[in-house]
Amino acid sequence: MAGMDNTNVPVCYYNQTAMFFYNLSGRDLIVEEQHYRSVGFFIGVLLTGVSIIFLNGLVLTAIVINRRLHYPFYYLLGNLAVTDLCVGISYLVITCLSGVWTSTVSTSQWFFRQGLIDTSLMASLMNLMAIALERQQTIFTMQLHSKMTNQRIILLIVAVWIMAILIGLSPVMGWNCLCDLSSCSETLPLFSRSYVLTISILSLLIMFIVVILYTCICVYVWKKSRRMTEHTSRDQSKGTVVSLMNTVLLILGCFVLCWTPALLLLLLDGLHHVPQKLLVVESFILTLVACNSLVNPIIYTYRDQDVRTTFKCIFCCFCVAYQQRVN
């Protein structure tokens, strides 16, 4: 219409490459490429990604073939293996399309690769919280297995994936900065800072809940063991408590160590106070987060006799099959 003022109509940059937004954020992809192109980093990425896929695939196989593992906790453990397996795949994808290769990536391709890793990591994080809740309920009721029905476990798993997918796809559905360049993130240049801030706060909240749950478990078991010393052997009770405490501390230590740097970086970015030097080591921070998906199957299955026995059976079957083929 004649005379209408169009100065307030936002300009959107859907047809630009991801490189356009990285240049606006001040990211030096040439410097970052030196990390991605180094032989040591490439070998580390390859070994990390392949190990994540292999170990979590092994956990899934063990849970499927062993009927003694068909209980709520193992279903959650299997779902954690699925989420961590997705982390391994998406980690390899995002690393192969990072550094100087970002200059050739379109906005839609960038959203796909980032949405894949974000969804996988969020599903893994929320599943860790679900496992902590299940463990607390089981230990507080002194049960070997949780009384949660299979239907509730399935609903919990579905809820984890729905929430993770919604969070991971929010930028694709419009929570981005393609039409507002002033709100662009520095660590994730196509995302809005408000989205990055929301994700960091939500993830830190989940981390806090997990830490509180496992702390409550430690306190409860310690108090319970003190009451039981009158009826059982002191050495036996002490050994059980120490074993459980070591497991919980190992879980918490790896969890906090792997996730804290990335979440603090996102929080600083959302508050628009991220130091430019931290952006250079962003790839290493992402690798640290991915390492949590590597240690999860080791921590959660190492002390489980049934899972270890199933692993041995799987390897024995592979060895027998290999020897029969060779002979």
For Gln136 and Leu213, which heavy atoms make the closest approach, and how far apart are they?
OE1-CD2, 3.4 Å
Show me the donor-acceptor pairs, under 3.5 Å and distance only, between side chains in residues 284-292 and residues at least two apart or in other chains.
| unit_1 | atom_1 | unit_2 | atom_2 | d |
| --- | --- | --- | --- | --- |
| Thr287 | OG1 | Tyr91 | OH | 2.7 |
| Thr287 | OG1 | Ser283 | O | 2.9 |
| Asn292 | OD1 | Trp259 | NE1 | 3.1 |

Which distance, rounded to the nearest 0.5 Å, do you find between the CG of Leu264 and the CG of Asp269?
12.5 Å
Determine whether more than 12 heavy atoms belonging to other residues, nucleotides or ligands lie under 6.0 Å from atom NE2 of His272.
no
Got Asn296 and Ser124 here, is their nearest side-chain heavy-atom distance under 4.5 Å?
yes
Roughly how far apart are Ile52 CD1 and Leu55 CG, rounded to 0.5 Å?
9.0 Å
Hey, could you give me the CG/CG distance between Leu205 and Leu125, rounded to the nearest 0.5 Å?
10.0 Å
Applying side chain to side chain donor-acceptor pair (under 3.5 Å) to Asn176 and Ser192, what does each step give before you reach the verdict?
CA-CA 5 Å; Asn176 54 58; Ser192 172; over 6 Å; no
Considering all heavy atoms, the nearest Gln16-Thr107 contact:
O-CG2, 2.9 Å
Hey, could you give me the SG/CG distance between Cys313 and Asn66, rounded to the nearest 0.5 Å?
8.0 Å
Aromatic Phe73 / basic Arg135 pairing, under 6.0 angstrom, 45° off normal
yes
Nearest non-hydrogen partners of Pro297 and Val59, listed with the distance
CB-CG2, 3.6 Å
Would you say Phe20 has more than 12 foreign heavy atoms packed within less than 6.0 Å of its CZ?
yes
Any link between Met207 and Ile209 through a network of hydrophobic side chains (Ile, Leu, Val, Met, Phe, Trp, Tyr) touching at under 4.5 Å?
yes
Just wondering, do Leu92 and Ile53 contact through their side chains at under 4.5 Å, heavy atoms?
yes
Kindly indicate, with the supporting measurements, whether the criterion side chain to side chain contact (heavy atoms under 4.5 Å, CB included) is fulfilled by Leu266 and Leu188.
CA-CA 9 Å; Leu266 292 178; Leu188 304 168; 4.3 Å; yes
Looking only at side chains, do Trp175 and Ser194 share a donor and an acceptor under 3.5 Å apart?
yes
Leu116 and Ser90: which non-hydrogen atoms are nearest, and at how many Å?
CG-CB, 3.5 Å
Taking C-beta and beyond as the side chain, do Trp161 and Val82 meet within less than 4.5 Å on heavy atoms?
yes
Any non-hydrogen side-chain atom of Cys184 less than 4.5 Å from a side-chain atom of Arg193?
no
Is there a side chain to side chain donor-acceptor pair (under 3.5 Å) between Thr17 and Trp110 once you walk through the steps?
CA-CA 9 Å; Thr17 62; Trp110 192 92; over 6 Å; no
Taking all non-hydrogen atoms of both residues into account, name the closest pair between Ser51 and Leu47 and its distance.
OG-O, 2.6 Å
Tyr75/His70 under side chain to side chain contact (heavy atoms under 4.5 Å, CB included): CA gap, chis, key distance, verdict
CA-CA 7 Å; Tyr75 293 149; His70 292 183; 3.3 Å; yes
Given side chains that start at C-beta, do those of Ile153 and Asn79 come closer than 4.5 Å, heavy atoms only?
no
Could you tell me which non-hydrogen atom of Leu76 sits nearest to which non-hydrogen atom of Ala130, and how far apart they are?
CD1-O, 3.9 Å
Could you tell me whether the side chain of Gln137 and the main chain of Glu134 form a donor-acceptor pair under 3.5 Å?
no
Under the criterion side chain to side chain contact (heavy atoms under 4.5 Å, CB included), which of Leu190, Leu197, Val196 is the partner of Ser185?
Val196
Aromatic ring pairing Phe191/Phe111, orientation class (parallel under 30°, perpendicular over 60°, tilted between):
parallel
Is there a continuous path of hydrophobic side-chain contacts, each under 4.5 Å between heavy atoms, that joins Leu202 to Leu166?
no
Please say yes or no: joined through hydrophobic side-chain contacts below 4.5 Å, possibly via intermediate residues, are Tyr220 and Ile131 part of one cluster?
yes
Straight-line distance of Leu169 CG to Asp118 CG, nearest 0.5 Å
9.5 Å
Determine whether Phe54 and Val45 fall in the same hydrophobic cluster, where Ile, Leu, Val, Met, Phe, Trp and Tyr are linked whenever their side-chain heavy atoms lie under 4.5 Å apart.
yes
Thr83 and Asn127: side chain donor to acceptor below 3.5 Å
no
Shared ILVMFWY cluster between Leu155 and Leu128, side chains joined below 4.5 angstrom?
no
Step by step, work out the side chain to side chain contact (heavy atoms under 4.5 Å, CB included) result for Met163 and Met126.
CA-CA 9 Å; Met163 292 179 63; Met126 289 192 293; 3.7 Å; yes
Count the heavy atoms of every other residue, nucleotide or ligand shown that sit under 6.0 Å from CE of Met129, and state whether that count exceeds 12.
yes
Got a second to check how far Gln114's CD is from Thr119's OG1, nearest 0.5 Å?
10.0 Å
Report the C-alpha separation of Ile199 and Ile167 in whole Å, then their side-chain angles, then the decisive distance to 0.1 Å, and conclude whether the side chain to side chain contact (heavy atoms under 4.5 Å, CB included) test is met.
CA-CA 8 Å; Ile199 291 300; Ile167 293 172; 3.0 Å; yes
